[in-house]
Number of protein chains: 2
Amino acid sequence: MAKLQKSIDKRNALIKATIELVNNNGFHATPMSKIAKMANVSPATIYLYFENKQDLVNKTYIEVKEKFTAYAFETFEESMSVEEGFKLIWNRIADFKFKHCEEAMFLAQCDNTPMIDEPSREVGIKHFQTLLDLWGRGKKEGLIKPMSDHILYAYTIIPLSFLIISQKRGAITLTKEHIEQSYLAAWNSIKA
Amino acid sequence: MAKLQKSIDKRNALIKATIELVNNNGFHATPMSKIAKMANVSPATIYLYFENKQDLVNKTYIEVKEKFTAYAFETFEESMSVEEGFKLIWNRIADFKFKHCEEAMFLAQCDNTPMIDEPSREVGIKHFQTLLDLWGRGKKEGLIKPMSDHILYAYTIIPLSFLIISQKRGAITLTKEHIEQSYLAAWNSIKA
DNA sequence: TATATAAAAATGAATGTTCATTCTTTTTTT
DNA sequence: AAAAAAAGAATGAACATTCATTTTTATATA
């Protein structure tokens, strides 16, 4: 166990360092040597855990995305009403982005960039099915406007990424009130 | 004039090549040599027009952003009502992103990345004052919810970037109807 | 339990490549 | 014929990745 434990720590440290450095400097300006240094590891060690730089970034993306969606849907139950369920999931997402804003920023950067290869991106998308199903139910029940999932996503979830990034840049300081207003804006934009 | 004309052509070709290559491969994977090749120019020539790679990207960003905002506000007039003005500007923005989706994608990538340095980013923001003023008026008149400009922006303009990128990736095909639904979603999220 | 040994993990120093930038020469313009 | 613009080749630094060793861990033996 000791052996495996140690390995996981190093791996986590590498992923954490990748997130932080890519957030602050961008993919193009984060050399493997810096990642190694921040993770307190030799550059060569990275290659024991990841095939190469691209693989490191892909795996980081997938891991963060999975953590994110797991958190988003953790407390959701099928038995909930559409409105209740949506409110819950939306708030979990807001909560995650708030609490783990480094991770959230990293995802935002990946989602707008050719930094991640397509297969890894696909993996990330799959995990959102729960929300799409809920929206499907909402549309059928006439509670949510009959719009493409992409539009629903664009007007409810995407704005949060922007707000978190703005906060990280120091352009705004998000309060509980902002989040409440934000939820209302999201709901108003999709409710039938 | 011949001389100046020629120079401007080369400069434009360089900016166009930068947009295209960065969109498809990301900043980290677009060497100056490729930009030069795509613009039909020697690598050395780039340095007659731009100080270095960072400068080239900064200038490209500023130029595209200016073109974008100029287009967005071109037909707006102070005399318009808030709702009318907002609808007009929003549609101009949608229109621009639709017609010039390469440019729009480039901006989206810049806005979520440390690719651009802060001073250049600031320049890009300044040009949005017209919209902020309009929102200010809307809030005063009680037509728009009293929310931070960041939230208004997040729920009306930002979603468009996501939709354009999704379209470019082939995940959705945007129709006139999508755009209309989209405008309604935007307006519903901010109207008082 | 202590010791020896094999296997695994980790390292720091090379390696070779890529790439931004500069230099020197050539071409074009005035 | 001088000046400006452009070119291609050269330069040197940065960097991803690999190599040869060392250190750590696990296992086996006494």
Side-chain angles (χ1 to χ4, degrees), chain A residues 1-61 106 109-110 113-117 120, chain B residues 1-61 106 109-110 113-117 120:
Chain A
M1 194 204 91
K3 169 191 146 203
L4 185 64
Q5 190 50 44
K6 196 172 200 181
S7 292
I8 282 178
D9 284 352
K10 281 214 165 71
R11 201 191 128 99
N12 287 342
L14 282 168
I15 291 210
K16 188 155 182 283
T18 302
I19 292 168
E20 198 167 328
L21 288 169
V22 169
N23 275 350
N24 292 322
N25 312 320
F27 186 112
H28 72 285
T30 74
M32 296 295 258
S33 55
K34 265 196 202 163
I35 295 174
K37 191 166 287 175
M38 180 171 275
N40 280 313
V41 139
S42 157
T45 303
I46 300 180
Y47 293 85
L48 299 175
Y49 293 87
F50 303 96
E51 284 172 44
N52 50 41
K53 194 179 178 184
Q54 184 64 54
D55 182 53
L56 167 60
V57 168
N58 287 340
K59 294 249 169 77
T60 302
Y61 174 77
F106 181 78
Q109 196 171 157
C110 291
T113 278
M115 198 169 100
I116 297 300
D117 60 24
S120 304
Chain B
M1 193 205 89
K3 169 193 145 201
L4 186 63
Q5 190 50 43
K6 196 172 198 181
S7 292
I8 282 180
D9 284 351
K10 281 213 166 68
R11 201 191 129 100
N12 287 343
L14 283 167
I15 291 209
K16 187 156 183 283
T18 302
I19 292 168
E20 198 167 328
L21 288 167
V22 169
N23 274 351
N24 291 322
N25 312 319
F27 186 112
H28 71 284
T30 73
M32 296 295 258
S33 54
K34 267 195 200 163
I35 295 174
K37 191 166 289 175
M38 180 171 276
N40 281 314
V41 140
S42 156
T45 303
I46 301 180
Y47 293 85
L48 298 175
Y49 294 86
F50 303 96
E51 284 173 43
N52 50 40
K53 193 179 179 185
Q54 184 65 53
D55 183 52
L56 166 60
V57 169
N58 288 340
K59 295 248 169 75
T60 302
Y61 174 76
F106 181 77
Q109 195 170 157
C110 290
T113 279
M115 200 169 100
I116 298 299
D117 60 23
S120 305

Atom CD1 of B/I46 and atom P of C/dT22: how far apart are they, to the nearest Å? 13 Å
Test applied, side-chain contact (heavy atoms from CB on, under 4.5 Å); reference residue, A/C110; option that passes from A/V22, A/T60, A/N58, A/I116: A/I116
Measure from CD on A/E51 to C1' on D/dT18 and round the result to the nearest Å. 15 Å
B/D55 side chain to B/F50 backbone, donor-acceptor under 3.5 Å: no
Nucleotide C/dT21, atom P - distance to CG of B/N52 in whole Å: 5 Å
Integer-rounded Å distance: C/dT21 C1' and B/L48 CG: 12 Å
Testing the basics here: between A/P31 and A/A29, what is the closest heavy-atom pair and its distance to 0.1 Å? CD-O, 3.4 Å
Distance-only check: which donor-acceptor pairs under 3.5 Å involve side-chain atoms of residues 32-39 of chain A, not counting sequence neighbours?
none

Using whole Å, what does the distance between atom P of nucleotide D/dT18 and atom CZ of A/F50 come to? 16 Å
Would you say D/dA6 has OP1 or OP2 under 4.0 Å from some side-chain N or O of B/Y47? no
Hey, is the side chain of A/K53 poking within less than 4.0 Å of OP1 or OP2 on D/dT17, counting only N and O atoms? no
For the residue pair A/G26 and A/Q109, what are the closest heavy atoms and their distance? CA-OE1, 3.7 Å
Taking only side-chain nitrogens and oxygens of A/Y49, does any of them come within less than 4.0 Å of OP1 or OP2 of C/dA10? yes
Give the residues of residues 18-43 of chain A touching DNA chain C, defined as any heavy atom closer than 4.0 Å, sorted by residue number. A/V41, A/S42
In whole angstrom, give the distance that lies between atom CD of B/Q54 and atom P of C/dC19. 17 Å
side-chain contact (heavy atoms from CB on, under 4.5 Å) for A/V57 and A/F27? Distances and angles first, verdict last. CA-CA 9 Å; A/V57 168; A/F27 186 112; 3.4 Å; yes
My understanding is that only residues two or more places apart in sequence, or in another chain, count here; which of them pass salt bridge (Lys or Arg N to Asp or Glu O under 4.0 Å) with B/D117? none
Rounded to whole angstrom units, what separation is found between the CG atom of B/L14 and the P atom of D/dA6? 10 Å
Taken to the nearest whole Å, CG/A/D55 to C1'/D/dT17 is 14 Å
